[in-house]
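Here is the structure we will look at.
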Amino acid sequence: MRLIVSSFLVFMMATSLLASDALLQNNYLRKGLTLNGKWNYIVDVYETGYYNYRWEPHDGSTNPGSGAFFLNEKPQNKREIIEYDFDMAPTLLVPGDWNSQKEKLFYYEGTLWYKKSFDIENFEANKRYYLHFGAVNYRADVYVNGKKLGMHKGGFTPFNFEMTHLVNAEDNFVVVRVDNKRAADEVPTLNTDWWNYGGITRDVTVYELEQTFIEDYSLQLDKENNKLLNGYIQLNGDTKANAKVTVNIPELKLNKEFTTDANGHVKFSIPTKKLNLWSCDNPKLYDVSFASGDDIISDKIGFRQISTRGSDILLNDEVVFLKGICIHEENAMRGGRTYSMEDAVTHLNWAKELGCNFVRLAHYPHNENMVRLADEMGMLVWEESPVYWTIQWENPETYKKAEQQLTEVVYRDKNRASVIIWSMANETPQSEPRLEFLSNLAKKTRSLDDTRLVSAALEVHSTVPGGNTMVIDDQFADVVDILSFNQYYGWYWGDIENIKNLKWEIDIDKPVVISEFGAGALQGYHGDSLTAWSEEFQELLYEKTLPVLNAIPQISGITPWIISDFRSPRRVLIPYQDGWNRKGLISETGNKKKAFYTLQNFYKNINK
Ligand code: GCB
C-alpha cells in the first residue's frame, strides 16, 4: 500500500460539502461555451478514486496522493505508477445517462468518474467564469484543474459553481464524480417505479460573465391586475449596490431604469398598456431584456394569470379544463433519459395529437427544453418534486433535500408562462410527520412564488373495503389549491365492469384534477376486452373510466398515466412487461395503442 498521509483534517471534510453557488437565472439563453460531447469515463465500483485504503476521502486530505482521480495525474517518469488514466479510458456522451449508452452499464448504480479537457476561447482575465450543469443524477462532486469546486445532490435540477480562480485560457480539465446509488434518506428514496438513470444527463456549459452581472430576475403579471408587471433583479459582484439596471420590452415601448439597494436587489412594479396575454390558443411571448452595465440578458416571457374560483381553474379569468397526459423524462424509442429539444418536440407533439392543453411532468423536474417548448406551444404544465411514495418524513436532512430540489426548479422556471402548478409529492402515505413535511414544502413554494397553484398527487380510498364510494380523506387536501389524486380502479383493484358504479364523495370546493389512472397493455397483444395486458383491456378501461371521472362535480382536468411505456426495474413479468411499465398509450417502438384514440376522442368531444 502506498504511504498515506493520515492527517485527514476534519475541517477539510467541509470542503467536500461545499454547496453550489447561487444559480444563474436563464442560463438557457445566455451565450456559453458548451462542454457537451465526449467525456472520458472510469467506472469505480469500489470508489477507489474517491477513498483511500482507510476509506478516507482523498479530497479531504491536504495531500491526496496519486490515487485521487480528481487530480487527473500522469506518471512523470517511466518508474512512476499511477493506476488510472482518463485519457486512455473510453468515452460517454454528455448529456446522456450511462445506462443506455453502454450495455455493461445498463444496470449499474454506483460511482463513475467523468473527465473533459477544455480551452476557453477569448479568455479574459477580468471576466468571471461559471461552470453550469443542467442536471447530474444523483450526487456530483465537481473538480476543476485538480481543485474541488463543490458537491450537489439531486438528480433533476440545475446547479453551478464559480471557477474564476481556477481556470486559464488553455489546458483546463473538469473531473466529475457521479454517484447514483439510491439511499433511504435521499429524495427520491430507495423505491420508485422508474429507472434510476445515472450520469451527467443534461447540458454542461461554461459561462463568461462580467465582474458584476445579473444573477437572477423575475417578471410576472400581477395576480389581480392584468396591466401590471411585477418583478425584481438581483445583481452579483463588487459593484452590485446602488447600480443602475434596466428592463426593456421593445414591443410595449417599455424601457425602465431602477437602482439596486445595498444588497444588489431591486423590486419593481411596472404599469403597462393592454397586454397580449399568453394562453393555450395564443402563446404570445414578449422579448424582454434586462441590463446592468455591460451585462445584457434576453428572455422570452409570456404574461398570464392563473387562479381558482370554487371548483374552477381560471386562465386569464376564463375557465379552463385541463386536458392532460402524464409524461416521464424518458425517450422510450431511443432508450434512456430525454435531454434535447428534439425529445421535447416528440413528447409535446404526441400530447398535441391527443388533443391536450396540459401535461403533467412526472415525477421530478424535467429538462428545461420541455417548459421552453411548452411556452411556445401554449401547453400548460404541472411540475413535480421527486417526493415519491415513502420518504423519511421525520428526517430534517431529507426535508432539506426536498426543499432544495423544489427551490431549484421554482428558481429555474419562475418566468415560464406554461408552468401553472407546482406539485409537492406523489402518492405519499398519510401520517402527522408527512403532513408537516408537505405543508412546509407548500409554504416554502408559496413564499418563492405566489403566482402559481400548489397541488400533489394524493390517494383515494373507498368508504368500505371493496365499496363503490370513493373519498379523499387526507388533511393535505386542505393545503393544496388543486385537489389531485391517482386512482386505479379496474386495474390494481376493482372490477372493470363495476367502474360505471363508482361514486365520488368529495365535499371540498376546489378544482379536482385526476392525476393518474390507467392499465398496462403490450402493444400488438390482442385479446377480448377482459384479457389483462391486451390493448383491448386498456381501451375498455379508458372507455369506462373517462365518463365516470368527468361526472365528478368539481372535475377540472385529467392526466391519464401515461404517454409512453417507460422502463422500470419493478416490472419483471415476461412476456408482457420485460422491464417496462406498459401503461403507455404509445409503445417503446413508437406505436400507438388503441386507448390512445379513446383518449383523443374523449378530448375532441369534451365541451368544457
Ligand atoms: C402510480 C405511480 C406511478 C406508477 C403507476 C403505476 O400510482 O404514481 O409512478 O408508475 O402508479 O404504473 O403503477
Side-chain angles (χ1 to χ4, degrees), residues 2 13 15-18 20 35-53 55-61 64-75 81-118 131-155 159-161 163 166-167 171-183 196-206 336-337:
R2 138 177 346 114
M13 293 292 290
T15 61
S16 66
L17 297 173
L18 290 174
S20 41
L35 295 190
N36 289 350
K38 288 182 180 169
W39 289 53
N40 297 97
Y41 75 94
I42 297 173
V43 181
D44 192 9
V45 184
Y46 274 25
E47 315 225 45
T48 307
Y50 189 71
Y51 296 105
N52 66 21
Y53 81 124
W55 205 251
E56 295 157 325
H58 289 299
D59 67 12
S61 165
S66 63
F69 286 7
F70 70 88
L71 294 175
N72 183 31
E73 281 188 330
K74 305 281 180 206
I81 298 165
I82 293 181
E83 290 189 77
Y84 69 95
D85 185 343
F86 277 110
D87 295 317
M88 297 303 286
T91 58
L92 279 167
L93 285 177
V94 169
D97 62 86
W98 62 59
N99 315 72
S100 66
Q101 292 190 54
K102 305 276 169 184
E103 213 182 327
K104 272 204 272 181
L105 298 178
F106 185 63
Y107 288 109
Y108 185 59
E109 293 184 299
T111 284
L112 185 145
W113 293 80
Y114 285 88
K115 180 244 150 193
K116 177 131 184 125
S117 299
F118 63 99
L131 180 60
H132 183 280
F133 293 82
V136 174
N137 190 34
Y138 176 82
R139 171 178 170 151
D141 292 84
V142 181
Y143 309 84
V144 162
N145 293 342
K147 293 274 182 312
K148 187 156 194 170
L149 284 178
M151 185 273 281
H152 179 266
K153 278 184 173 188
F159 59 96
N160 51 224
F161 300 103
M163 55 175 183
L166 295 178
V167 278
D171 297 330
N172 302 292
F173 62 90
V174 50
V175 170
V176 186
R177 166 190 182 242
V178 182
D179 182 2
N180 77 330
K181 280 192 293 299
R182 287 165 294 126
N196 179 29
Y197 290 109
I200 304 179
T201 50
R202 296 184 191 158
D203 299 331
V204 185
T205 318
V206 175
R337 280 259 167 270

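When a residue number appears, it is its place in the shown sequence, counting from 1.
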Contact summary for [X] and [Y], nearest pair of heavy atoms:
X: Y84; Y: E73; result: OH-N, 2.9 Å
X: S20; Y: H152; result: OG-CD2, 3.9 Å
X: P64; Y: A68; result: CB-CB, 3.8 Å
X: K181; Y: G110; result: CG-CA, 3.7 Å
X: G155; Y: A135; result: O-CB, 3.5 Å

Next item on the list: For the residue pair W55 and Y51, categorise the inter-ring angle as parallel (less than 30°), tilted (30 to 60°) or perpendicular (more than 60°).
Entry: parallel

Margin query: Parallel, tilted or perpendicular: which one describes the rings of F86 and F69, with boundaries at 30° and 60°?
Written below: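 Ring orientation of F86 relative to F69: perpendicular.
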
Quick one: pull up [atom1] in [X] and [atom2] in [Y] and give me the separation to the nearest 0.5 Å.
X: M88; Y: K74; atom1: CE; atom2: NZ; result: 9.0 Å
X: D171; Y: F118; atom1: CG; atom2: CZ; result: 10.5 Å
X: N196; Y: E109; atom1: CG; atom2: CD; result: 4.5 Å
X: W113; Y: T48; atom1: CH2; atom2: OG1; result: 10.0 Å
X: D97; Y: Y108; atom1: CG; atom2: OH; result: 14.5 Å
X: K153; Y: D179; atom1: NZ; atom2: CG; result: 9.0 Å

Margin query: Quick check on side-chain contact (heavy atoms from CB on, under 4.5 Å): which of T205, V204, T201, N160 does F133 satisfy it with?
Written below: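 Of the listed options, the one satisfying the test is V204.
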
Under 3.5 Å, is there a donor-acceptor pair linking the side chains of [X] and [Y]?
X: Y143; Y: D59; result: yes
X: N180; Y: N137; result: no
X: E47; Y: T111; result: yes

Check: [X] side chain, [Y] main-chain N or O, donor-acceptor pair, under 3.5 Å:
X: N145; Y: L166; result: yes
X: Y50; Y: F70; result: no
X: K102; Y: T91; result: yes
X: Y197; Y: G96; result: no

Answer whether the closest heavy-atom distance between the side chains of [X] and [Y] falls below 4.5 Å.
X: V176; Y: W39; answer: yes
X: M163; Y: V174; answer: no
X: L35; Y: V94; answer: no
X: N36; Y: P95; answer: yes
X: L105; Y: N99; answer: no
X: L93; Y: Q101; answer: yes

Note to self: Just checking Y41 against W98, ring centres under 6.0 Å apart?
What the structure shows: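 Ring centroids of Y41 and W98 are no less than 6.0 Å from each other.
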
Checklist line | Residues, nucleotides or ligands: over 12 heavy atoms within 6.0 Å of K147 NZ | finding: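 No, not enclosed.
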
Checklist line | Test side-chain contact (heavy atoms from CB on, under 4.5 Å) applied to L112 and L92, step by step | finding: CA-CA 11 Å; L112 185 145; L92 279 167; 4.0 Å; yes

Item checked: N-O pairing of R177 and D141 below 4.0 Å ->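 Salt bridge flag = yes for D141 with R177.
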
